[in-house]
Amino acid sequence: MTIVDEKFSEWTADQKLTFLETLSHHLTIEIRGIWSDDRLTAEKMVERIKWINELHHRLPMWARSVRLNQTDQLKYIGADIEHRANCQPIISNIIKRSVDKCIEFADREKASSK
């Protein structure tokens, strides 16, 4: 089990949606960074943006699965995210930042409810 699988199965629906929103935010920022990186060739830019887009366009479907509590779909989200991270290292860093941020949110939420 990977960190995304583990955390995704532990998190509440609100925490899962926060993760997906955070991931979307980080993916968008990364695309902007790639686009403005003068060191990258056009070919490298397109390749990196393509991989990010492949993950990004699945986020609304995954959010819908969370909102509708489609458990048959939910069990695959973490594995799909991890698979994409393994295909492209740049995605792995984005996912790690998103997971870390959501763990931070969850910890703050727990602390404030005590």
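Owing to the predicted nature of the structure, the values given are computational and were not obtained by experimental measurement.
- Put simply, W35 and W51 are part of the same group of oily side chains (I, L, V, M, F, W, Y) that touch within less than 4.5 Å, one to the next.
- Side-chain atoms of W11 and I103, non-hydrogen and from C-beta on, do get closer than 4.5 Å to each other.
- Shortest non-hydrogen contact noted between A13 and V66 is O-CG1, 3.5 Å.
- Residues that satisfy the side-chain hydrogen bond (donor to acceptor under 3.5 Å, both in side chains) test with T22, not counting sequence neighbours, are absent from this structure.
- Between atom CE of residue M45 and atom OG of residue S36 there is a gap of 7.5 Å, rounded to the nearest 0.5 Å.
- Here D100 pairs with K96 under the side-chain hydrogen bond (donor to acceptor under 3.5 Å, both in side chains) rule; sequence neighbours left out.
- Side-chain contact between L55 and W62: present, with at least one pair of heavy atoms (C-beta onward) separated by less than 4.5 Å.
- The local environment of CD in E43 is sparse, with at most 12 non-hydrogen atoms from other residues, nucleotides or ligands closer than 6.0 Å.
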For this session: Before giving the answer on side chain to side chain contact (heavy atoms under 4.5 Å, CB included), spell out for H26 and E30 the whole-Å C-alpha distance, their side-chain angles and the decisive distance to 0.1 Å.
Result: CA-CA 6 Å; H26 286 148; E30 190 66 35; over 6 Å; no
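- The side-chain contact (heavy atoms from CB on, under 4.5 Å) test with I34 singles out one residue from K44, E47, R48, and that residue is R48.
- When all heavy atoms of R67 and L17 are compared, the closest pair comes out as CG-CD1, 4.0 Å.
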For this session: Please step through side chain to side chain contact (heavy atoms under 4.5 Å, CB included) for the pair F105 and R108, ending with a clear verdict.
Result: CA-CA 5 Å; F105 290 152; R108 269 194 258 147; 3.8 Å; yes
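- Remark: side-chain polar atoms of H25 are not paired, donor with acceptor, to backbone N or O of E21 under 3.5 angstrom.
- Rounding to the nearest 0.5 angstrom, the gap separating the NZ atom in K16 from the OG atom in S65 is 10.5 Å.
- Residue H57 holds its NE2 atom at 14.0 Å from CD1 of I52, rounded to the nearest 0.5 Å.
- Salt bridge annotation for E54-K50: absent, with no cationic side-chain nitrogen under 4.0 angstrom from a carboxylate oxygen.
- Qualifying side-chain hydrogen bond (donor to acceptor under 3.5 Å, both in side chains) partners for Q15, counting only residues two or more places apart in sequence or in other chains: T12, E109.
- For the atom pair T28 OG1 and H56 NE2, the distance stands at 3.5 Å (nearest 0.5 Å).
- Each of I91 and I29 belongs to its own hydrophobic cluster when Ile, Leu, Val, Met, Phe, Trp and Tyr are linked at side-chain heavy-atom distances under 4.5 angstrom.
- Scanning all heavy atoms of the two residues, the minimum distance from F19 to C102 falls at CA-SG, 3.1 Å.
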